[in-house]
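All chains are named by letter (A, B, ...) in the order of the sequence lines, taking the proteins before the strands, and each is independently numbered beginning at 1. Heavy atoms only: backbone and side chains are in, while hydrogens, waters and symmetry mates are out.
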2 protein chains.
Amino acid sequence: MAKRGSRPAGGRGGGAPEQEPPPRDRSKVTINDIARLANVSKKTVSRVINESPLVRSETRERVLTIIKQHGYTPDPQARALALRRSFLIGMIYDNPSPQYVVNMQRGILDELEDTSFQLVLRPCDRADPRFHEKIEAFVVQQKPFGVILPPSVSEDEKLAEMLRALNCDYVRIASVVLDEPARMVRTHDFEGAAAAARHIAALGHSRIAHIHGPKTFRSAHERLAGFRQGLAESAIELDKALTVEGGYTFESGVECAARLFRRKQRPTAIFAGNDEMAVGVYKAARDFGLKAPEDVSIVGFDDTPMASRVWPPMTTVRLPIRDMGRAAARLLLRQAAGVEPEELIAFKPELIIRESAAPPKNG
Amino acid sequence: MAKRGSRPAGGRGGGAPEQEPPPRDRSKVTINDIARLANVSKKTVSRVINESPLVRSETRERVLTIIKQHGYTPDPQARALALRRSFLIGMIYDNPSPQYVVNMQRGILDELEDTSFQLVLRPCDRADPRFHEKIEAFVVQQKPFGVILPPSVSEDEKLAEMLRALNCDYVRIASVVLDEPARMVRTHDFEGAAAAARHIAALGHSRIAHIHGPKTFRSAHERLAGFRQGLAESAIELDKALTVEGGYTFESGVECAARLFRRKQRPTAIFAGNDEMAVGVYKAARDFGLKAPEDVSIVGFDDTPMASRVWPPMTTVRLPIRDMGRAAARLLLRQAAGVEPEELIAFKPELIIRESAAPPKNG
DNA sequence: CTGAAAGCGCTTACAG
DNA sequence: CTGAAAGCGCTTACAG
């Protein structure tokens, strides 16, 4: 049985003598107490809390001192009710990679630390016919302060439109510019894939395959285009017959690579659209008795922990997911504060050269 | 600039004619509207919402119909303010494995789906001197409905005590019984490790090593004890010289295995306390020119995705993390509703036999 | 079984 | 620059 409300006075139950003096029960201090103690109206305390400039600095200092003295923190639920807006930041995602999800969460939480904002999770499925309806219900009921949309949720134009109509602030993380700078964190997937292509080409490969992600992901298009571009710089044309579509999953990586390996003219290098699929290529290679990098060079994208644990350690492209999450959260808070970003926030990927790509044997 | 409040009437901005009729703006329907329409007091509507038995069934039906008709959902912030308790479920964790964290989140979210509860994340660091203070601040400020504590946070007795003092409901997930059944989800790590031991022993090994997790994790003790017990059943005594402490990380797995491999009498099998360390053993084995399972059998614990992607596919022990998360959330909601569980909820691990363990060469 | 009053802890207009 | 009044949308005693 919940016994909320019968909270014993003093709070934390008689501490041992060697402990520091128990902090006063902060849960009881309200805006009224502060107002009374500071000899001002609660409205003035409210102004101080909300950093209104309409307070004499002397008054502000006095109030601030009392607040600190009593460890007062405004009640988020009460503020939410009055403001018709909660202090929850929603992360709405459908990304299948746990590593991506966790890193992004960490980044957002980094930025939210020591604020009164809380991170709330909304996993979802874009294939669900009630997808938009469910998110609308969430937004209407919880009135989140704002939401963060990583790919591929970020690419849903109807969702963005709905959020705007509901006056819900949001930040989209995507590999292409889909929105105004105040609502975008951009990743240069194109550049990352181009770097991978340059590296593979410089190694001397010419029969180069690419397993790209599903067409419903913009990143899949960007990485494909970037790869093609990087190859073109070395006067190599990406062979359509060696370009296949995977599902960003391990299994699809295995299948696509097997298909590639069954050709009479095998590719000597494979660039997979993400690490998951690249690890699938590792497996297919072993199934075909092929060694990496001697028989096939393999390059991935993401630099998940698996990339460095697998054998041989994987050459891949790294995007600073955690930093991206942090940037998205910061942008969201600034957006709410009315601060316009000077320029579009963007992240460049980095090529991580390890041991899975080498010159071709017969090169 | 946030434009909250200037929400246009009608909500979602003129839909195209082919769209379904726009749902009424649910954000505006309040308990007062329902009360007026149902011809009762708002208190009665409140009783219906809260499933109080003190309502004539006829009245309840009438109110329920109106509620459904207007798609009314009570405002969580307003309820929270009145109840002095929010509808947030906190997950407080320090588990280093992203896979564990994500699976547990999924389980909790499964159970919370279609309720008004939201999952809020609180990663933390038990080594932080302000650890308890920070969590206390979270609980006091957010007044979460309850919190879920996976290992090793669940093992912190001081934390549990603090939560009780603050009247905050919680559920602990741990490998040993630390609390009453209403507050515990137990995992039989002991059994899982014993099964691993039996499997290794049955394969014919006798020089068997164990890399256990840090002593600050109860699971490390349980797995060690279970492993010892499983071996004892085959009259094998766990060799102290072959029992080393790792940190549940890849790197520590590499180091510990290397130390083991440098001995004149190498172990023919290694049981690692988790998959991360087991993958470290894979690496060390390669560094020493040892092949698995021919030269060393390797067994892990957790069955992370990596276990099946690595070569050779890893024999390991699987705990149903997602189910555990779901069970923890369900228990928390029942606890709040005053329902006592009939018995302790517990999960048994399963041995997943793949290809990394085989009879010893010279066996 | 039902309701009118007061209150949860804040903020938004509106005055001054 | 500051404040008294009213309100956000619910619920808890208290009556009946």
Side-chain angles (χ1 to χ4, degrees), chain A residues 2-7 25-63 67 70-87 116 140-143 145 336, chain B residues 2-7 25-63 67 70 72-87 116 140-143 145:
Chain A
K3 282 151 292 185
R4 200 63 66 131
S6 60
R7 186 170 302 181
D25 188 352
R26 290 175 299 187
S27 65
K28 295 250 165 162
V29 185
T30 75
I31 197 171
N32 285 310
D33 302 320
I34 303 298
R36 188 166 30 75
L37 291 161
N39 233 302
V40 294
S41 72
K42 50 204 262 198
K43 179 59 206 160
T44 297
V45 178
S46 174
R47 285 197 183 93
V48 172
I49 293 168
N50 292 290
E51 297 175 11
S52 159
L54 302 176
V55 183
R56 229 187 337 161
S57 66
E58 190 193 300
T59 312
R60 186 201 332 282
E61 290 314 319
R62 182 153 40 96
V63 172
I67 286 180
H70 295 262
Y72 166 69
T73 49
D75 182 310
Q77 273 80 38
R79 293 184 81 188
L81 179 58
L83 283 167
R84 291 161 198 73
R85 184 178 196 177
S86 74
F87 288 83
S116 49
V140 169
Q141 284 166 40
Q142 298 296 327
K143 307 170 209 69
F145 194 86
Chain B
K3 283 151 291 186
R4 201 63 67 130
S6 60
R7 187 169 302 182
D25 188 350
R26 291 177 295 188
S27 64
K28 295 250 164 158
V29 184
T30 74
I31 197 172
N32 286 309
D33 302 319
I34 302 298
R36 188 168 28 75
L37 291 162
N39 233 302
V40 295
S41 74
K42 51 203 260 197
K43 179 57 208 162
T44 297
V45 177
S46 173
R47 287 200 182 90
V48 172
I49 294 169
N50 292 292
E51 299 175 9
S52 158
L54 304 175
V55 183
R56 230 191 333 165
S57 68
E58 190 193 298
T59 313
R60 187 203 328 283
E61 290 314 318
R62 183 151 40 95
V63 172
I67 285 179
H70 294 262
Y72 166 70
T73 49
D75 182 309
Q77 272 80 38
R79 293 184 81 187
L81 180 57
L83 285 166
R84 291 160 198 73
R85 183 178 196 178
S86 75
F87 288 82
S116 50
V140 169
Q141 283 166 40
Q142 298 297 327
K143 307 169 210 66
F145 194 86

Are [X] and [Y] side-chain neighbours, meaning at least one heavy-atom pair lies under 4.5 Å?
X	Y	value
B:V48	B:S52	no
B:K42	B:I34	no
B:F145	B:L83	no

TODO: Check step by step if side chain to side chain contact (heavy atoms under 4.5 Å, CB included) holds for A:D75 and B:Q141.
DONE: CA-CA 6 Å; A:D75 182 310; B:Q141 283 166 40; over 6 Å; no
Nearest-Å distance for atom pair [atom1]/[atom2], residues [X] and [N]:
X	N	atom1	atom2	result
B:D33	D:dG9	CG	P	9 Å
B:I34	C:dT2	CD1	P	17 Å
A:I67	C:dG9	CD1	C1'	14 Å
A:E61	D:dC1	CD	P	14 Å
B:Q141	C:dG9	CD	P	14 Å

Open item on the list: Is B:T44 close enough to C:dT2 that one of its side-chain N or O atoms is under 4.0 Å from OP1 or OP2 there?
Closed with: no
- [ ] Verify the contact: side-chain N or O of B:T59 to OP1 or OP2 of C:dT2, cut-off strictly under 4.0 Å; return yes or no.
- [x]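 Checking C:dT2 against B:T59, a side-chain N or O does come within under 4.0 Å of OP1 or OP2.
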- [ ] Report the C-alpha distance between B:I67 and B:R62 in whole Å, list the side-chain angles of each, state the deciding distance to 0.1 Å, and finish with yes or no for side chain to side chain contact (heavy atoms under 4.5 Å, CB included).
- [x] CA-CA 9 Å; B:I67 285 179; B:R62 183 151 40 95; over 6 Å; no
Open item on the list: Counting only Watson-Crick pairs (N1-N3 plus N6-O4 or O6-N4) and G-U wobbles (N1-O2, O6-N3), all under 3.5 Å, who is the partner of C:dC1?
Closed with: D:dG16
TODO: Please figure out whether B:P53 or B:L81 has its closest DNA chain C nucleotide nearer the 5' end.
DONE: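 Result: B:P53.
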Task: Distance (rounded to the nearest 0.5 Å) between B:Q77 CD and A:S86 OG - done: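 So the gap between those two atoms works out to 5.0 Å.
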TODO: Mark up nucleotides 10-16 of chain D, 5' to 3', with B wherever a protein heavy atom is under 4.0 angstrom from a base atom, S wherever such an atom reaches only the sugar-phosphate, and - elsewhere.
DONE: BBB----
